Amino acid sequence: MPCELSIVIPAFNESSGLPHALDTIKAIAANASDSYEIIVVDDGSTDDMPGLINAAHARTPEIRGIILSRQFGKEAALYAGLKHASGKAVVTLDADLQHPPELIPDMLEQWRNGAEIVHGVKQDRGADSLIQRLTAAIYNGVFSRLSGFDLRGSSDFKLLDRRVVDVLTKKLPESGRFYRGLSAWVGYQQVTVPFDVAPRETGERHWGGLGLIRYALHTVTAFSSLPLMIVPALGLVMLVIAVILGVEAIFSRLAGNSISGFATLEITILFAASMIMIGLGIIGQYMARMFDEIKGRPVCLISRSIGMNNSPGNDF
Ligand code: UDP
Ligand code: MG
(Lines give C-alpha, C1' and ligand atoms only; values in the text may rest on other atoms or scores of the structure.)
(Ligands and ions follow the chains in the order given, each with its own letter.)
Protein backbone atom coordinates (compact mmCIF):
# COMPACT_ATOMS: atom_id res chain seq x y z
CA MET A 1 0.00 0.00 0.00
CA PRO A 2 1.52 3.30 -1.01
CA CYS A 3 1.70 5.79 1.84
CA GLU A 4 1.38 9.56 1.82
CA LEU A 5 4.82 10.49 3.13
CA SER A 6 8.13 8.67 2.64
CA ILE A 7 11.24 9.92 4.37
CA VAL A 8 14.51 8.73 2.82
CA ILE A 9 17.62 8.87 4.96
CA PRO A 10 21.03 7.98 3.48
CA ALA A 11 23.31 6.85 6.27
CA PHE A 12 26.94 5.81 6.44
CA ASN A 13 28.35 4.83 9.86
CA GLU A 14 25.72 6.81 11.73
CA SER A 15 24.97 4.23 14.41
CA SER A 16 25.93 6.60 17.24
CA GLY A 17 23.17 9.04 16.39
CA LEU A 18 20.68 6.96 14.42
CA PRO A 19 18.36 5.77 17.23
CA HIS A 20 17.88 9.32 18.51
CA ALA A 21 17.47 10.69 14.98
CA LEU A 22 14.86 8.04 14.13
CA ASP A 23 12.91 8.77 17.33
CA THR A 24 12.84 12.48 16.51
CA ILE A 25 11.93 12.00 12.85
CA LYS A 26 9.32 9.34 13.63
CA ALA A 27 7.50 11.59 16.12
CA ILE A 28 7.38 14.44 13.60
CA ALA A 29 6.32 12.22 10.69
CA ALA A 30 3.55 10.54 12.70
CA ASN A 31 2.17 13.97 13.60
CA ALA A 32 2.43 15.33 10.09
CA SER A 33 0.84 12.47 8.16
CA ASP A 34 -1.57 9.55 8.72
CA SER A 35 0.47 7.18 6.64
CA TYR A 36 4.22 7.46 6.48
CA GLU A 37 7.33 5.34 6.09
CA ILE A 38 10.93 6.04 6.98
CA ILE A 39 13.50 4.35 4.74
CA VAL A 40 17.06 4.29 6.02
CA VAL A 41 19.52 3.48 3.25
CA ASP A 42 22.62 1.95 4.77
CA ASP A 43 25.45 2.95 2.45
CA GLY A 44 27.72 0.01 3.26
CA SER A 45 28.40 1.10 6.84
CA THR A 46 31.06 -0.70 8.81
CA ASP A 47 29.24 -0.25 12.12
CA ASP A 48 26.11 -2.24 12.91
CA MET A 49 23.54 -0.18 11.03
CA PRO A 50 21.48 -3.18 9.78
CA GLY A 51 21.14 -4.37 13.40
CA LEU A 52 19.93 -0.93 14.47
CA ILE A 53 17.48 -0.65 11.59
CA ASN A 54 16.16 -4.15 12.38
CA ALA A 55 15.61 -3.20 16.02
CA ALA A 56 13.90 0.06 15.01
CA HIS A 57 11.69 -1.80 12.53
CA ALA A 58 10.66 -4.31 15.22
CA ARG A 59 9.46 -1.42 17.40
CA THR A 60 8.07 0.74 14.60
CA PRO A 61 7.06 -1.16 11.44
CA GLU A 62 7.04 2.12 9.47
CA ILE A 63 10.82 2.25 9.77
CA ARG A 64 12.37 0.28 6.93
CA GLY A 65 15.82 -0.30 5.57
CA ILE A 66 17.72 -0.84 2.36
CA ILE A 67 21.21 -2.24 2.87
CA LEU A 68 23.58 -1.51 -0.03
CA SER A 69 26.19 -4.13 -0.87
CA ARG A 70 29.03 -1.67 -0.15
CA GLN A 71 29.59 2.07 0.22
CA PHE A 72 28.44 3.66 -3.05
CA GLY A 73 28.26 7.24 -1.78
CA LYS A 74 25.45 9.50 -0.69
CA GLU A 75 24.14 10.19 -4.21
CA ALA A 76 23.67 6.47 -4.86
CA ALA A 77 22.07 5.94 -1.44
CA LEU A 78 19.60 8.75 -2.12
CA TYR A 79 18.79 7.22 -5.49
CA ALA A 80 18.17 3.76 -3.99
CA GLY A 81 15.87 5.31 -1.37
CA LEU A 82 13.92 7.38 -3.90
CA LYS A 83 13.59 4.37 -6.18
CA HIS A 84 11.95 2.28 -3.46
CA ALA A 85 9.94 4.94 -1.64
CA SER A 86 6.20 4.53 -2.11
CA GLY A 87 5.01 7.89 -0.77
CA LYS A 88 2.98 10.46 -2.69
CA ALA A 89 5.50 12.91 -1.27
CA VAL A 90 9.10 11.94 -0.53
CA VAL A 91 11.40 13.86 1.80
CA THR A 92 15.17 13.33 1.69
CA LEU A 93 17.01 14.08 4.88
CA ASP A 94 20.49 13.55 6.41
CA ALA A 95 20.85 11.03 9.23
CA ASP A 96 22.83 13.42 11.44
CA LEU A 97 19.90 15.81 12.13
CA GLN A 98 21.76 18.64 10.38
CA HIS A 99 18.62 19.01 8.27
CA PRO A 100 15.96 20.01 10.82
CA PRO A 101 13.09 17.46 10.62
CA GLU A 102 10.89 20.07 12.34
CA LEU A 103 10.53 21.62 8.88
CA ILE A 104 8.85 18.55 7.40
CA PRO A 105 5.30 19.73 8.35
CA ASP A 106 5.99 23.09 6.61
CA MET A 107 7.24 21.26 3.54
CA LEU A 108 4.15 19.06 3.48
CA GLU A 109 1.99 22.14 3.80
CA GLN A 110 3.67 23.67 0.73
CA TRP A 111 3.19 20.39 -1.13
CA ARG A 112 -0.49 20.20 -0.19
CA ASN A 113 -0.79 23.74 -1.56
CA GLY A 114 0.50 22.60 -4.93
CA ALA A 115 4.29 22.71 -4.78
CA GLU A 116 5.91 19.75 -6.53
CA ILE A 117 9.41 20.32 -5.21
CA VAL A 118 10.23 21.98 -1.90
CA HIS A 119 13.94 22.77 -1.64
CA GLY A 120 15.47 23.19 1.80
CA VAL A 121 17.88 26.11 1.37
CA LYS A 122 20.74 26.64 3.80
CA GLN A 123 20.54 30.02 5.41
CA ASP A 124 23.31 29.69 7.92
CA ARG A 125 26.06 27.21 7.09
CA GLY A 126 26.38 26.29 10.78
CA ALA A 127 29.85 25.48 11.98
CA ASP A 128 31.44 25.61 8.51
CA SER A 129 34.91 27.17 8.53
CA LEU A 130 35.87 30.22 6.47
CA ILE A 131 37.63 27.97 3.95
CA GLN A 132 34.54 25.75 3.62
CA ARG A 133 32.31 28.78 3.06
CA LEU A 134 34.75 30.23 0.52
CA THR A 135 35.13 27.01 -1.48
CA ALA A 136 31.34 26.51 -1.42
CA ALA A 137 30.86 30.07 -2.73
CA ILE A 138 33.43 29.59 -5.52
CA TYR A 139 31.96 26.22 -6.49
CA ASN A 140 28.38 27.54 -6.52
CA GLY A 141 29.43 30.59 -8.53
CA VAL A 142 31.20 28.49 -11.16
CA PHE A 143 28.39 25.93 -11.28
CA SER A 144 25.59 28.45 -11.74
CA ARG A 145 27.57 30.43 -14.34
CA LEU A 146 28.24 27.28 -16.37
CA SER A 147 25.00 25.35 -15.96
CA GLY A 148 22.47 28.17 -15.63
CA PHE A 149 21.11 26.70 -12.36
CA ASP A 150 21.63 28.72 -9.21
CA LEU A 151 22.41 26.22 -6.47
CA ARG A 152 23.53 28.75 -3.85
CA GLY A 153 22.62 27.45 -0.40
CA SER A 154 21.02 24.38 -1.92
CA SER A 155 21.04 21.12 0.00
CA ASP A 156 19.85 17.54 -0.27
CA PHE A 157 17.02 18.35 2.17
CA LYS A 158 14.02 18.33 -0.15
CA LEU A 159 10.45 17.22 -0.56
CA LEU A 160 9.52 15.79 -3.95
CA ASP A 161 6.11 15.01 -5.36
CA ARG A 162 5.62 11.43 -6.64
CA ARG A 163 5.68 12.77 -10.19
CA VAL A 164 9.14 14.24 -9.71
CA VAL A 165 10.40 11.08 -7.97
CA ASP A 166 9.25 9.04 -10.96
CA VAL A 167 11.05 11.37 -13.36
CA LEU A 168 14.27 11.25 -11.31
CA THR A 169 14.27 7.47 -10.95
CA LYS A 170 12.81 6.36 -14.27
CA LYS A 171 13.48 9.02 -16.87
CA LEU A 172 17.01 10.13 -15.99
CA PRO A 173 19.18 7.07 -16.45
CA GLU A 174 22.56 8.73 -15.94
CA SER A 175 24.81 6.86 -13.54
CA GLY A 176 26.81 9.93 -12.43
CA ARG A 177 23.98 11.28 -10.26
CA PHE A 178 23.83 14.81 -8.83
CA TYR A 179 20.62 15.08 -6.85
CA ARG A 180 20.66 18.82 -6.25
CA GLY A 181 21.33 19.61 -9.89
CA LEU A 182 18.84 17.10 -11.29
CA SER A 183 16.04 18.26 -9.00
CA ALA A 184 16.58 21.85 -10.17
CA TRP A 185 16.83 20.73 -13.80
CA VAL A 186 13.45 18.93 -13.89
CA GLY A 187 11.45 22.13 -13.45
CA TYR A 188 7.81 21.82 -12.19
CA GLN A 189 6.44 23.93 -9.33
CA GLN A 190 9.46 24.63 -7.13
CA VAL A 191 9.45 26.51 -3.84
CA THR A 192 12.13 26.98 -1.19
CA VAL A 193 12.12 26.73 2.58
CA PRO A 194 15.07 28.33 4.39
CA PHE A 195 16.77 26.46 7.22
CA ASP A 196 19.79 26.82 9.50
CA VAL A 197 22.28 23.96 9.40
CA ALA A 198 22.33 22.42 12.87
CA PRO A 199 25.69 21.26 14.24
CA ARG A 200 26.41 17.54 13.86
CA GLU A 201 25.66 15.96 17.23
CA THR A 202 27.55 12.68 16.94
CA GLY A 203 29.65 10.81 14.43
CA GLU A 204 31.76 12.59 11.89
CA ARG A 205 31.54 14.25 8.52
CA HIS A 206 32.44 12.01 5.57
CA TRP A 207 33.97 14.47 3.15
CA GLY A 208 37.70 14.96 2.59
CA GLY A 209 39.35 17.64 0.44
CA LEU A 210 40.08 15.30 -2.47
CA GLY A 211 36.55 13.91 -2.42
CA LEU A 212 35.17 17.43 -2.70
CA ILE A 213 37.42 18.25 -5.67
CA ARG A 214 36.30 15.08 -7.45
CA TYR A 215 32.66 15.92 -6.61
CA ALA A 216 33.06 19.44 -8.02
CA LEU A 217 34.63 18.16 -11.27
CA HIS A 218 31.95 15.48 -11.70
CA THR A 219 29.00 17.75 -11.10
CA VAL A 220 30.25 20.61 -13.27
CA THR A 221 31.06 18.32 -16.19
CA ALA A 222 27.70 16.54 -15.76
CA PHE A 223 25.79 19.79 -16.10
CA SER A 224 27.74 21.89 -18.57
CA SER A 225 29.85 21.36 -21.67
CA LEU A 226 31.04 24.98 -21.58
CA PRO A 227 34.48 24.10 -20.12
CA LEU A 228 35.16 22.43 -23.48
CA MET A 229 35.09 25.93 -24.98
CA ILE A 230 38.19 26.72 -22.94
CA VAL A 231 40.16 24.47 -25.31
CA PRO A 232 39.64 26.57 -28.47
CA ALA A 233 39.96 29.73 -26.33
CA LEU A 234 43.41 28.58 -25.21
CA GLY A 235 44.23 27.87 -28.84
CA LEU A 236 43.22 31.41 -29.76
CA VAL A 237 45.45 32.87 -27.04
CA MET A 238 48.36 30.84 -28.41
CA LEU A 239 47.64 32.01 -31.95
CA VAL A 240 47.64 35.68 -30.91
CA ILE A 241 50.94 35.26 -29.09
CA ALA A 242 52.44 33.44 -32.08
CA VAL A 243 51.38 36.26 -34.45
CA ILE A 244 52.82 38.97 -32.17
CA LEU A 245 56.12 37.12 -31.83
CA GLY A 246 56.21 36.44 -35.58
CA VAL A 247 55.66 40.12 -36.46
CA GLU A 248 58.29 41.12 -33.94
CA ALA A 249 60.74 38.64 -35.49
CA ILE A 250 60.19 40.01 -39.02
CA PHE A 251 60.63 43.61 -37.88
CA SER A 252 63.80 42.78 -35.99
CA ARG A 253 65.18 41.05 -39.11
CA LEU A 254 64.30 44.03 -41.35
CA ALA A 255 65.86 46.41 -38.85
CA GLY A 256 69.03 44.39 -39.17
CA ASN A 257 68.95 42.89 -35.69
CA SER A 258 69.11 39.19 -35.16
CA ILE A 259 65.89 37.44 -34.08
CA SER A 260 65.47 37.83 -30.33
CA GLY A 261 66.73 35.23 -28.01
CA PHE A 262 66.59 31.77 -26.74
CA ALA A 263 64.54 32.72 -23.64
CA THR A 264 61.58 33.78 -25.80
CA LEU A 265 61.69 30.44 -27.57
CA GLU A 266 61.83 28.50 -24.36
CA ILE A 267 58.96 30.42 -22.76
CA THR A 268 56.83 30.05 -25.86
CA ILE A 269 57.33 26.29 -25.99
CA LEU A 270 56.55 25.86 -22.29
CA PHE A 271 53.49 28.09 -22.59
CA ALA A 272 52.21 26.19 -25.62
CA ALA A 273 52.81 22.85 -23.94
CA SER A 274 50.91 23.85 -20.81
CA MET A 275 47.96 25.14 -22.85
CA ILE A 276 47.85 21.81 -24.71
CA MET A 277 47.96 19.88 -21.44
CA ILE A 278 45.13 21.96 -19.95
CA GLY A 279 43.08 21.42 -23.09
CA LEU A 280 43.70 17.68 -23.03
CA GLY A 281 42.81 17.59 -19.34
CA ILE A 282 39.45 19.22 -19.96
CA ILE A 283 38.66 16.87 -22.84
CA GLY A 284 39.79 13.98 -20.63
CA GLN A 285 37.24 14.89 -17.97
CA TYR A 286 34.41 14.60 -20.46
CA MET A 287 35.80 11.37 -21.86
CA ALA A 288 35.87 9.97 -18.33
CA ARG A 289 32.20 10.90 -17.84
CA MET A 290 31.34 9.28 -21.19
CA PHE A 291 33.30 6.16 -20.21
CA ASP A 292 31.34 5.94 -16.94
CA GLU A 293 27.99 6.35 -18.67
CA ILE A 294 28.80 4.00 -21.54
CA LYS A 295 29.65 1.15 -19.18
CA GLY A 296 26.04 1.38 -18.04
CA ARG A 297 26.76 -0.04 -14.60
CA PRO A 298 23.99 0.17 -12.01
CA VAL A 299 24.19 3.16 -9.64
CA CYS A 300 24.39 0.78 -6.68
CA LEU A 301 23.60 -2.77 -5.59
CA ILE A 302 21.30 -3.79 -2.76
CA SER A 303 22.34 -6.67 -0.54
CA ARG A 304 19.04 -6.91 1.38
CA SER A 305 16.12 -4.94 2.69
CA ILE A 306 14.34 -4.66 6.00
CA GLY A 307 10.54 -4.42 6.15
CA MET A 308 10.09 -3.16 2.60
CA ASN A 309 6.73 -4.09 1.04
CA ASN A 310 8.06 -4.59 -2.44
CA SER A 311 11.27 -6.38 -1.54
CA PRO A 312 13.79 -4.51 -3.68
CA GLY A 313 15.95 -6.69 -5.79
CA ASN A 314 18.82 -5.30 -7.78
CA ASP A 315 16.50 -3.71 -10.29
CA PHE A 316 18.67 -0.77 -11.19
N1 UDP B 1 26.45 9.67 3.66
C2 UDP B 1 26.26 8.50 2.94
N3 UDP B 1 27.30 8.00 2.21
C4 UDP B 1 28.52 8.61 2.17
C5 UDP B 1 28.69 9.82 2.88
C6 UDP B 1 27.64 10.33 3.60
O7 UDP B 1 25.17 7.92 2.95
O8 UDP B 1 29.41 8.10 1.48
C9 UDP B 1 25.32 10.23 4.45
C10 UDP B 1 25.65 10.51 5.90
O11 UDP B 1 25.45 9.36 6.71
C12 UDP B 1 24.67 11.63 6.23
C13 UDP B 1 24.58 12.39 4.91
O14 UDP B 1 24.99 11.49 3.90
O15 UDP B 1 23.40 11.12 6.57
C16 UDP B 1 25.44 13.65 4.92
O17 UDP B 1 26.77 13.31 5.18
P18 UDP B 1 27.74 14.22 6.06
O19 UDP B 1 27.07 14.63 7.32
O20 UDP B 1 29.03 13.45 6.18
O21 UDP B 1 28.00 15.46 5.10
P22 UDP B 1 27.70 17.01 5.33
O23 UDP B 1 26.63 17.15 6.37
O24 UDP B 1 28.97 17.59 5.73
O25 UDP B 1 27.22 17.46 3.98
MG1 MG C 1 26.13 16.23 7.99
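The structure displayed is predicted, hence computed values, not measured ones.
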Is [X] linked to [Y] within one hydrophobic cluster, defined over Ile, Leu, Val, Met, Phe, Trp and Tyr using a side-chain heavy-atom separation of less than 4.5 Å?
X	Y	result
Leu280	Met275	no
Val121	Val118	no
Leu151	Leu172	yes
Ile230	Ile276	no
Met290	Leu226	no

N-O pairing of Arg64 and Glu37 below 4.0 Å: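 Here Arg64 pairs with Glu37 in a salt bridge, since their nearest N and O are under 4.0 Å apart.
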Short N-O contact, Arg70 and Asp43, less than 4.0 angstrom: no
Short side-chain to backbone donor-acceptor contact, Gln71 and Phe12, under 3.5 Å: no
Donor-acceptor contact below 3.5 Å, side chain Asp94 vs main chain Asp96: no
Nearest 0.5 Å, please: how far is [atom2] in [Y] from [atom1] in [X]?
X	Y	atom1	atom2	result
Leu159	Glu109	CG	CD	12.0 Å
Leu78	Arg177	CG	CZ	10.0 Å
Leu168	Tyr79	CG	OH	9.5 Å
Asn13	Ser45	CG	OG	4.5 Å
Ile117	Gln189	CD1	CD	10.0 Å
Arg112	Gln110	CZ	CD	12.0 Å

Side-chain heavy atoms of [X] within contact of [Y], under 4.5 Å:
X	Y	value
Ile66	Lys83	no
Leu212	Tyr139	no
Leu301	Phe72	yes
Ser154	Lys122	no
Trp111	Leu160	no
Val191	His119	no
Asp161	Lys88	no
Ile25	Ile38	yes

Side chain to side chain contact (heavy atoms under 4.5 Å, CB included), paired with Ile7, selected from Val40, Ile104, Ile39: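 Of Val40, Ile104, Ile39, side chain to side chain contact (heavy atoms under 4.5 Å, CB included) with Ile7 is met by Ile104 alone.
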Qualifying residue for side chain to side chain contact (heavy atoms under 4.5 Å, CB included) with Val237, from Leu239, Ile241, Val240: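 Output: one option passes, namely Ile241.
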Residues Tyr286, Ile282; criterion side chain to side chain contact (heavy atoms under 4.5 Å, CB included); working and verdict: CA-CA 7 Å; Tyr286 286 91; Ile282 295 172; 4.2 Å; yes
Side chain to side chain contact (heavy atoms under 4.5 Å, CB included) evaluation trace for Asp166 with Lys171: CA-CA 7 Å; Asp166 285 345; Lys171 292 274 196 293; over 6 Å; no
Which heavy atom in [X] sits nearest to a heavy atom in [Y], and how many Å separate them?
X	Y	answer
Asp156	Lys74	OD2-NZ, 2.9 Å
Val8	Ala85	CG2-CB, 4.2 Å
Val164	Glu116	CG2-O, 3.7 Å
Leu146	Pro227	CD1-CG, 4.0 Å
Ala95	Ala11	CB-CB, 3.9 Å
Gly120	Met107	N-CE, 4.0 Å

Mutual orientation of the aromatic rings belonging to Phe195 and Phe157 [parallel < 30°, tilted 30-60°, perpendicular > 60°]: perpendicular
Worked check of side chain to side chain contact (heavy atoms under 4.5 Å, CB included) between Val41 and Ile9: CA-CA 6 Å; Val41 185; Ile9 308 174; over 6 Å; no
Ile131 atom CD1: more than 12 heavy-atom contacts under 6.0 Å: no
Asn113 atom CG: more than 12 heavy-atom contacts under 6.0 Å: yes
Centroid-centroid under 6.0 Å between Phe143 and Phe178 rings: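 Distance test on ring centres: under 6.0 Å, yes.
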Contact list for residues 141-151, test side-chain hydrogen bond (donor to acceptor under 3.5 Å, both in side chains), sequence neighbours left out: Asp150-Arg152
Residues Thr92, Tyr179; criterion side-chain hydrogen bond (donor to acceptor under 3.5 Å, both in side chains); working and verdict: CA-CA 10 Å; Thr92 51; Tyr179 180 50; 2.9 Å; yes
Residue pair Arg162, Val90: steps toward the side chain to side chain contact (heavy atoms under 4.5 Å, CB included) verdict: CA-CA 7 Å; Arg162 164 67 22 208; Val90 182; 4.0 Å; yes
Worked check of side-chain hydrogen bond (donor to acceptor under 3.5 Å, both in side chains) between Ser33 and Glu4: CA-CA 7 Å; Ser33 174; Glu4 186 189 36; 2.5 Å; yes
Show the atom names and distances, to 0.1 Å, of all donor-acceptor pairs under 3.5 Å that link a side chain in residues 53-62 to residues at least two apart or in another chain.
| residue | atom | partner | partner atom | Å |
| --- | --- | --- | --- | --- |
| His57 | ND1 | Pro61 | O | 3.3 |
| His57 | ND1 | Ile63 | O | 2.8 |
| Thr60 | OG1 | Lys26 | NZ | 3.3 |

